[in-house]
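This is the structure I want to talk about, given as structure tokens.
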2 protein chains.
Amino acid sequence: MLRNYPQNFVDLYDLNNVMFEPYTLKDIAKALGLSTSTVSRALRDTHEISAETKRIVLEYAQKINYHPNPIALSLKERRSRSIGVSLSEVANHYYAQVINGIESIAYDRGYHVIITQTHESYDREKVNIDHLASRSVDGLLISLSAETSDTSHLHHLHQRGLPMVFFDRVAAKINTHKVTANNEKGAFEATEHLIKQGCKRIAHLTSPDHLSISIERLNGYRQALEKYNLPLEETYIKYCPQGGKSRLETENAIRELMNLSEKPDGIFVASDRLSIGCLIAFKKLKISVPEDIEITGFCNSDVLDLIEPTLTSVSQPAFEMGQLATAMLIDLIESKYPVYDFEKKILDTSLYIRNA
Amino acid sequence: MLRNYPQNFVDLYDLNNVMFEPYTLKDIAKALGLSTSTVSRALRDTHEISAETKRIVLEYAQKINYHPNPIALSLKERRSRSIGVSLSEVANHYYAQVINGIESIAYDRGYHVIITQTHESYDREKVNIDHLASRSVDGLLISLSAETSDTSHLHHLHQRGLPMVFFDRVAAKINTHKVTANNEKGAFEATEHLIKQGCKRIAHLTSPDHLSISIERLNGYRQALEKYNLPLEETYIKYCPQGGKSRLETENAIRELMNLSEKPDGIFVASDRLSIGCLIAFKKLKISVPEDIEITGFCNSDVLDLIEPTLTSVSQPAFEMGQLATAMLIDLIESKYPVYDFEKKILDTSLYIRNA
DNA sequence: AACATGGCCGGGAACGATTGCACACTTATT
DNA sequence: AATAAGTGTGCAATCGTTCCCGGCCATGTT
């Protein structure tokens with residue numbers, strides 16, 4: 001006698017038959033009259049399986065296009081062969097290039113890449129990273145959000161042994177591998193270029209002061225001023241707490257600078273988004289380059305050659321940074337012994353001089 | 001009744017837990033002297049567990065920051081709560097915006113997003129998608145690569161029941177949900193704008209002819225010419241097989257157009273990358289806009305307002321497209337009944353007129 | 001002839017979670 | 001007082017894979 005199934009039971013059952021159900025070891029074993037262990041060993045080419053059995057199994061596996069279930073493997077091996085990435089925004093050519101670098105290495109070494117965006121929010125960063133960690137990523141590649149000054153959420157994971165490598169915006173307090181551009185030198189060269197162009201009052205527009213990149217780029221700016229005996233004016237340094245996330249933030253900073261009694265005649269901008277935001281603000285406020293002010297800035301945009309006004313830019317080796325960070329992370333993940341000796345790799349930037 | 005366990009158990013456990021080994025149900029069960037099933041049920045708030053036991057379990061779980069192992073869950077539930085995305089390139093503002101749309105919905109509905117890039121290569125697309133499918137993604141969001149004309153690899157997965165939704169560059173032969181911009185109308189408006197500016201000989205630079213977007217945009221272009229009684233010249237239509245992946249490809253196409261005895265006086269460009277490539281080629285070849293030629297093109301770049309020469313652009317609602325495609329995919333994934341009724345959503349584009 | 005060796009293979013536990021079923025115990029109903 | 005109903009908990013199977021352990025047979029050694 002038939003049990004009284006809910007009305008939709010049959011449909012559900014049918015659906016499950018149609019649904020995407022890959023073949024398993026058990027299927028092969030059943031079809032060939034072998035045990036799953038034998039099939040598993042045959043496929044892994046163990047020495048204790050006869051050549052004949054191996055041939056039969058391999059042939060059949062090929063025929064039905066068998067692939068081991070990666071989820072089951074992950075559970076068994078307690079690793080997911082995936083790495084998590086946390087960065088502020090993919091809609092930024094610098095980070096897009098970094099991602100390409102990350103992928104190129106991860107792909108070759110058999111890892112998946114899961115990208116998450118913080119949109120410069122600390123809370124979002126925390127949620128994303130917890131999510132990644134609980135999703136059993138084998139390691140993390142991190143560039144901090146603009147809002148992040150407290151890194152204890154990362155510290156905790158790191159303490160528990162989750163491998164992580166920082167790039168770009170690194171955490172001072174966490175002792176692990178780090179990859180950055182030579183921010184000091186890049187900032188120095190950018191500022192020096194303004195000085196050589198004849199600027200005397202050079203402003204500096206930058207990200208929040210707690211970020212590693214802000215500190216380092218400020219240092220380079222300061223050193224250039226010192227070298228050429230120009231005074232460091234605190235009023236010329238403008239921080240954007242949101243890293244220029246909103247256009248208004250950048251615009252207001254520019255407005256304040258240009259309202260000073262002694263207007264700056266040059267400005268060194270410390271990040272991609274701020275550089276673009278600055279140019280947009282100039283356009284809106286009808287500030288002309290280089291007549292009213294000269295500008296240099298960190299920027300990896302691919303259309304800088306088309307942009308008016310022209311921007312002399314400091315470009316970071318983004319692709320290589322992604323590659324290097326990923327290689328270091330995978331080395332950490334695959335290391336058989338705990339690693340205590342961490343290094344910080346610093347890659348040179350390039351100054352692209354564009355004259356108006 | 002309360003079980004007796006050593007007060008220092010937790011501390012000891014922590015000490016042993018040097019490597020990143022998340023807590024399991026078994027750990028909680030052992031610590032509290034319960035069975036794993038009881039713990040599981042307590043955490044899932046089943047009615048058959050006493051309030052007191054629930055309190056104890058919940059409290060302890062909170063204290064050690066327990067999270068169920070998602071890999072084990074995936075194995076059990078035969079789903080990964082993740083969706084795979086295949087697109088050509090994240091370093092493209094249009095796709096970056098789509099990704100933001102995808103993430104916004106996926107995040108809310110509890111899904112992970114795994115992004116893969118084809119870099120316009122058919123082989124890469126095949127490998128990525130097979131990889132995603134074998135990683136047990138619950139569904140796929142796909143915009144085809146420029147090289148992809150044969151979609152049988154996708155057809156096979158779709159036949160086997162893997163939910164997929166196409167956006168932007170859709171597969172004609174696969175019957176599933178699709179989300180696109182109103183490419184015909186967008187192309188029509190862009191071409192019409194050139195005509196209204198006085199152009200008589202309008203060229204069309206586009207992606208490979210097998211892509212849905214190429215076909216639709218060509219249609220719009222053709223309709224505009226027809227409406228205004230302009231002849232359709234085959235020599236004015238240039239296809240870029242790589243979608244403008246290399247700058248040389250675009251440059252050569254422009255060179256050929258400008259070497260024609262009857263040079264075009266306007267050009268409608270069918271994609272983001274080609275539009276930018278076109279402007280770069282103009283700059284290099286010293287072709288001036290609008291004196292030598294007028295130009296309109298599909299483009300979602302965020303810096304169009306800064307670009308010289310100015311580009312009158314057709315902008316796609318990229319964020320909304322990502323949102324819509326994701327919502328449709330998740331509905332497919334979570335549908336209790338097989339879905340046979342698929343729809344194609346078409347979203348309007350916007351024409352941003354920028355005069356030189 | 002008795003015993004060790006090794007090749008080949010199957011059984012079953014484990015990874016971490018959920019869940020149907022069985023069982024023990026308490027309380028209510030007849 | 002006997003039975004039913006309800007409550008709280010544990011056992012064991014399951015998902016797909018790997019791997020330890022042990023069994024069987026054929027061959028080689030003493």
Which residue in the set B/Leu154, B/Leu87, B/Thr118, B/Ile174 passes side chain to side chain contact (heavy atoms under 4.5 Å, CB included) when paired with B/Ile142? B/Leu154

Side chains of A/Ser88 and A/Gln117: any donor to acceptor distance under 3.5 Å? no

Those residues of residues 29-39 of chain A lying under 4.0 Å from DNA chain D by at least one heavy atom: A/Ser37

Quiz question: by atom type and distance under 3.5 Å, do the side chains of A/Ser145 and A/Glu120 form a donor-acceptor pair? no

What is the distance from OH of B/Tyr23 to P of C/dG16, rounded to the nearest Å? 14 Å

Between CG of B/Leu43 and P of C/dT19 the distance, given in whole Å, is 13 Å

Just checking, is any N or O donor in the side chain of B/Asp150 or B/Ser152 under 3.5 Å from an acceptor N or O on the other one?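 Indeed, the side chains of B/Asp150 and B/Ser152 share at least one donor-acceptor pair under 3.5 Å.
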
Are B/Glu343 and B/Lys178 ion-paired here, with the side-chain N under 4.0 Å from a carboxylate O? no

Under a 4.0 Å N-O cut-off, is there an ion pair linking A/Asp45 with A/Lys54? yes

Between D/dT18 atom C1' and A/Asp45 atom CG, what is the distance in whole Å?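 Answer to the nearest Å: 16 Å.
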
Does C/dT19 have its OP1 or OP2 closer than 4.0 Å to a side-chain nitrogen or oxygen of B/Arg44? yes

Going by distance alone, is a donor N or O of one side chain under 3.5 Å from an acceptor N or O of the other, for B/Ser50 and B/Thr53? yes

Are OP1 or OP2 of C/dC9 and a side-chain N or O of A/Ser50 less than 4.0 angstrom apart? yes

Sugar-phosphate atoms are those with a prime plus P, OP1 and OP2; base atoms are the rest. Using that split, label each nucleotide of nucleotides 21-28 of chain C B, S or - for protein heavy atoms under 4.0 Å, 5' to 3'. --------

Phosphate oxygens OP1/OP2 of D/dC15: is one of them under 4.0 Å from a side-chain N or O of A/Lys26?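 Affirmative; the distance criterion is met.
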
Starting from the first five and the last five pairs of the helix from C/dA1-D/dT30 to C/dT30-D/dA1, work out the angle between the resulting helix axes, to 10 degrees.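 What I find for the helix from C/dA1-D/dT30 to C/dT30-D/dA1 is an axis angle of 70°.
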
Below 4.0 angstrom, N of the basic side chain to O of the carboxylate: do B/Glu59 and B/Lys63 qualify? no

For the atom pair OG (B/Ser86) and NZ (B/Lys126), what is the distance rounded to the nearest 0.5 Å?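 Reported value, rounded in 0.5 Å steps: 13.5 Å.
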
Return yes if a side-chain donor-acceptor contact under 3.5 Å exists between A/Thr38 and A/Ser35, otherwise no.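 Looking only at side-chain atoms, A/Ser35 and A/Thr38 do form a donor-acceptor pair, the distance falling under 3.5 Å.
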
Summary of ring-ring contact (aromatic ring centres under 6.0 Å, His included) pairs that have at least one residue in residues 108-142 of chain A, sequence neighbours excluded: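 Sorted result for residues 108-142 of chain A: A/His112-B/His131, A/Tyr122-A/His153, A/His131-B/His112.
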
Kindly indicate whether a cation-pi arrangement holds for B/Arg124 with A/Tyr107, taking the cut-offs as under 6.0 Å to the six-membered ring centre and within 45° of the axis.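 Yes, a cation-pi geometry holds between B/Arg124 and A/Tyr107.
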
What's the CG-C1' distance between A/Leu25 and D/dC15, to the nearest Å?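 For the pair A/Leu25 CG and D/dC15 C1', the rounded distance is 13 Å.
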
Does either side chain, that of B/Asp27 or that of B/Tyr66, offer a donor lying less than 3.5 Å from an acceptor on the other one? no

In whole angstroms, how far is the C1' atom of D/dG8 from the NE2 atom of B/His47? 10 Å

List the residues meeting side-chain contact (heavy atoms from CB on, under 4.5 Å) with A/Lys30, not counting sequence neighbours, and say none if there are none.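 Expected list: none.
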
For DNA chain C, the residues among residues 58-84 of chain A that have a non-hydrogen atom under 4.0 Å from it: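 Hits under 4.0 Å, by residue number: A/Leu75, A/Lys76, A/Arg78.
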
Let me know the distance between CD1 of A/Ile28 and P of D/dG16, rounded to the nearest Å. 12 Å

